[in-house]
Amino acid sequence: MLRFVLRRLLTAIPTMFLIVTISFFLMRIAPGGPFNHEKGLNPAIKANLERLYQLDLPLWQQYLNYLKNIVQGDFGPSYTRPEFTVAEIFATGLPISIQLGLTALILSTVLGIAMGVVAALRQNKAADYAVIAAATAGSTIPTFVIAPLFQLGFALALNWVPVGGWGDGALINKVGPVLTLMLPQLAVVARLMRGSMIESLRSHHIRTARALGLSDYSIVVRHAMRGAVMPIISYAGPAAAGLLTGSIIVESVFGIPGIGRYFVDAALNRDYTLVMGTVVVVALFTIIFNLIVDVLYAVVDPRVRYD
Amino acid sequence: MTDAVQISAVGRSLWADAWARLRANRAAMISSVYLLVIAVVCIIGPLLTPNAFSTIHQNYTRVPPSLAPYPTPSMIEPALAEAVQKGRMQLDGWAQSGSTVTLQVTSKKPIDARVVRYVDRSDMFEAAVATEIAADGLSASLTAQVQQKYFIFGTDSNGRDLLTRTLIAGRVSLAIGLLAGMVAVVIGVVYGATAGFIGGRTDEVMMRIVDILYSLPFIFFVIMLVVFFGRNFMLMFLAVGAVLWLDMARIVRGQAISIKRQEYVQAAEALGVTNAGILRRHIVPNLLGPVAIYMTLLVPQVIILESFLSYLGLGVQEPMSSWGVLISQGAKNMPSANWLLFFPAFFLTSTLFALNFIGDGLRDALDPKDR
């Protein structure tokens, strides 16, 4: 297993290299630059700024410099927020996004599995239909509709939670963001779990377990669910990478100072280093979570071996 | 007996079978009808609604939805007072009978009959005339017709009719959904089918390209495309379609490979059927099912993506509108003008629901494994 993990981490290096290269040049051939303000900057000042950030060098040299810096963990300065480096921006924003994303991930996985199991055990009964209806609604209504409706109902009309803001991490401020983050995930997990649980309950080993006279609890929890969580694991990997790196909609609607907002702002302002930083962080999370998924596979299903 | 033999000899095609099963699916049929109604209403509706989508009604900013005509009686007096004040006169009294209002005005300077234009300039009145001007010219009586306007969905913060705007936005959202969906399907099918048929190293390289594009942050990719193409409505859907083809390519490639290995294809090869013949007779018809299913499931995805981009201000630009634009404006006008959020949100979500039900119904109808 350890050898497998090491090998996968080694193969991640060329993947990361390709992603960094593609994003770097894709962004650079886009028209515009970080100092092309609408009002028009004094050409001398612009030239000085570009020299300061070494943007006046040939593109290939900038690319090599960036590669050299990123290998040493230096993400460079932010052009739109000169008072911070990109690393500092992530240091303050990423923990917030991770905290919200992780809470939403755990809640939606646990609740979704529970809902899916209940629906599968009561197939074609009221509880099942309720879960299907909730899952359809959750996966159909977009976040940018749910978030303002949540604010309208629970913050403005009922006054139970604040409309937005981080409030130094007060629990009550996290309710809205976490709920809107988790609802779409919850819907997918519940639907996947229902399907795989129904299949699992029909399989031969469950029939054997019943014939052996095992208790319902043991059949459902120890035997049926173990096989049925596999699709959830493979779904939750990429979903986790997306959740933990912050959502643009949720963070902008609720005014959360995470890193989700930077995708759009930075790309539009051609804040090259910040865009590259976000790309690298998201790609790293994706690779790490895909690796975790593969390891979890082997843990849950002993038939899966990597050596 | 002979009847039965004849009937069984005719057989049922995949499509006849699928159609029969789709017809039996009530949710899918109701959704199809609903979608058709929404499409027709969005296409024809803006021609029939009383107000144009970009006309600004200054006197009616953020008026709530109402089936009764505007202006309401309580709105007339402030509007009259404002119009009269702009003409440097004072409103002494007014009365309404039917759609005609009569005003009594006074002024410190002699009143010219042309001051009625100040009354006409308001969105609420038309055909104002000075019926009587006193001998000293310091007081007069004017009459004007009240313009009745219907704002069934209310108006936005610029005083534009939300009903017409929602329908126009629906046109844009549905058109982008359909066109971008088709772009994604065409790219995905051609790419996936090529990779699947040729196989070998070509397949390997083509699929690695898809893998790499997958691992780029999706939203970064979209935003870069928007940055390239500019905030252009026509190129928007190309950008969206160009991003969403990846799933399609993977599905089609998988299908193509699995169909290629089927025994009936091998049998056809053994019988000497040409490649083109196999392609036409076996592979394309068997690919159509999954493609149709994914197309219907892709359209709501495209609509969501387009709305999402428009919500961020990257998509459709003013004065054109899409449901995403309207929802973002609605969210900004909470809680004083909730109708601005409710109506577009309702149209968008109900359309997405309908499309999803149709997609699910098609999948059930076309998936032969599920029989």
Side-chain angles (χ1 to χ4, degrees), chain A residues 12 14-16 18-23 26-32 136-137 139-149 151-153 155-157 163 184 238 241-242 245 247-249 252-253 260-270 275-276 278-283 285-287 290, chain B residues 27 208-209 211-231 300-301 303-314 323-324 327-336 338 340-342 344-357 359-360:
Chain A
T15 315
M16 281 306 293
L18 268 177
I19 291 172
V20 168
T21 309
I22 293 173
S23 323
L26 188 63
M27 192 172 50
R28 284 312 180 83
I29 45 177
T136 311
S139 57
T140 306
I141 308 174
T143 313
F144 56 85
V145 175
I146 296 180
L149 285 180
Q151 283 182 324
L152 191 61
L156 295 167
V163 178
T245 47
S247 145
I248 303 161
I249 295 284
S252 63
V253 169
R261 303 169 296 161
Y262 294 127
F263 273 124
V264 182
D265 284 355
L268 290 183
N269 294 324
R270 309 290 191 284
V275 176
M276 289 305 297
T278 6
V279 171
V280 169
V281 167
V282 172
F285 270 79
T286 313
I287 288 171
N290 281 334
Chain B
R208 282 301 82 74
I209 293 174
D211 286 346
I212 290 167
L213 289 179
Y214 246 116
S215 56
L216 281 179
F218 176 68
I219 197 66
F220 164 74
F221 200 41
V222 176
I223 289 171
M224 285 328 289
L225 284 170
V226 172
V227 166
F228 269 114
F229 289 131
R231 299 177 183 188
Q301 272 187 43
I303 294 180
I304 290 182
L305 182 57
E306 179 276 319
S307 305
F308 168 71
L309 289 174
S310 297
Y311 182 94
L312 295 175
L314 298 172
W323 284 332
I327 289 170
S328 104
Q329 285 169 356
K332 283 180 195 127
N333 280 295
M334 288 191 314
S336 59
N338 291 332
L340 289 176
L341 176 62
F342 284 146
F346 172 78
F347 272 70
L348 174 66
T349 28
S350 62
T351 305
L352 292 177
F353 269 114
L355 282 164
N356 276 333
F357 285 133
D360 285 348

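In what follows, chains are A, B, ... by sequence order, proteins preceding strands, each numbered from 1. All values below were derived from every heavy atom in this structure, side-chain atoms included, with hydrogens, water molecules and symmetry-related copies excluded.
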Given a strict heavy-atom distance threshold of 4.5 Å, which part of A147(A) is in contact with chain B: side chain, backbone, both, or neither? neither
Among the listed options V275(A), N290(A), I22(A), I249(A), the residue most often paired with chain B at heavy-atom distances under 4.5 Å: I249(A)
Is there a side-chain contact between L352(B) and P142(A) in this structure, where contact means two heavy atoms from C-beta onward sitting under 4.5 Å apart? yes
Of D360(B), L355(B), I304(B), the largest count of non-hydrogen pairs under 4.5 angstrom with chain A goes to I304(B)
Please examine the side chains of T136(A) and N356(B), heavy atoms only from C-beta on, and report whether any two atoms are closer than 4.5 Å. no
I248(A) vs F308(B) side-chain heavy atoms within contact, under 4.5 Å: yes
Of all of L26(A), V145(A), I141(A), T245(A), which one pairs up most often with chain B through heavy atoms under 4.5 Å apart? L26(A)
dist I146(A):CD1 -> T349(B):OG1 (nearest 0.5 Å) comes out at 9.5 Å
What one should report as the nearest heavy-atom pair of F144(A) and S307(B) is CZ-CB, 3.3 Å
Scored by heavy-atom pairs under 4.5 Å with chain B, the best of I287(A), T286(A), I29(A) is I29(A)
With sequence neighbours excluded, residues passing side chain to side chain contact (heavy atoms under 4.5 Å, CB included) with F342(B): L149(A), L152(A), N338(B)
